[in-house]
Amino acid sequence: MKKIIQFVKESYAELRKVIWPGRDDVISSVKVVIISTVIVAAILGLIDMLLLFGIRAVF
C-alpha cells in the first residue's frame with residue numbers, strides 16, 4: 001500500500017510540472033487535425049473510386 005501512495009504522490013508531482021497548452025493552441029491543433037483528416041479522406045475516396053472504375057472496366 002505504501003508503494004501505491006508513493007506512486008500517486010510522484011505522479012501528481014510530475015503532472016504539476018507539465019506545461020499545459022492554452023486554449024488557442026488546442027483550437028489550432030484541432031483545426032489542423034480536422035483539415036488533415038478531410039484531405040486524407042478525400043484522397044482515399046478518390047483512389048477508391050479510380051480503382052473501382054478500373055476494376056469495372058477490366059471485368
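Because only heavy atoms are used, hydrogens play no part in the values below, and waters and symmetry mates are left out as well, while side chains stay in.
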S.K.: Who are the side-chain hydrogen bond (donor to acceptor under 3.5 Å, both in side chains) partners of Lys2, not counting sequence neighbours?
M.R.: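 Lys2 satisfies side-chain hydrogen bond (donor to acceptor under 3.5 Å, both in side chains) with no other residue.
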
S.K.: Mind checking who shares a hydrophobic cluster with Ile19, ILVMFWY linked at side-chain heavy-atom distances under 4.5 Å?
M.R.: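 In the cluster with Ile19 there is nothing else; it is isolated.
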
S.K.: May I have the list of side-chain donor-acceptor pairs in residues 43-59 shorter than 3.5 Å, sequence neighbours left out?
M.R.:
none

S.K.: Show the atom names and distances, to 0.1 Å, of all donor-acceptor pairs under 3.5 Å that link a side chain in residues 24-42 to residues at least two apart or in another chain.
M.R.:
from  : atom 1 : to    : atom 2 : distance (Å)
Ser28 : OG     : Asp24 : O      : 3.2
Ser28 : OG     : Asp25 : O      : 3.0
Ser29 : OG     : Asp25 : O      : 3.0
Ser36 : OG     : Val32 : O      : 2.7
Thr37 : OG1    : Val33 : O      : 2.7

S.K.: Which ILVMFWY residues are connected to Leu15, directly or by a chain of links, through side-chain heavy atoms under 4.5 Å apart?
M.R.: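 Once heavy-atom contacts under 4.5 Å are chained together, Leu15 belongs with Val18, Trp20.
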
S.K.: Quick one: which residue pairs count as a salt bridge (Lys or Arg N to Asp or Glu O under 4.0 Å) with a foot in residues 4-21, not counting sequence neighbours?
M.R.: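 Only Glu14-Lys17 qualify under salt bridge (Lys or Arg N to Asp or Glu O under 4.0 Å).
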
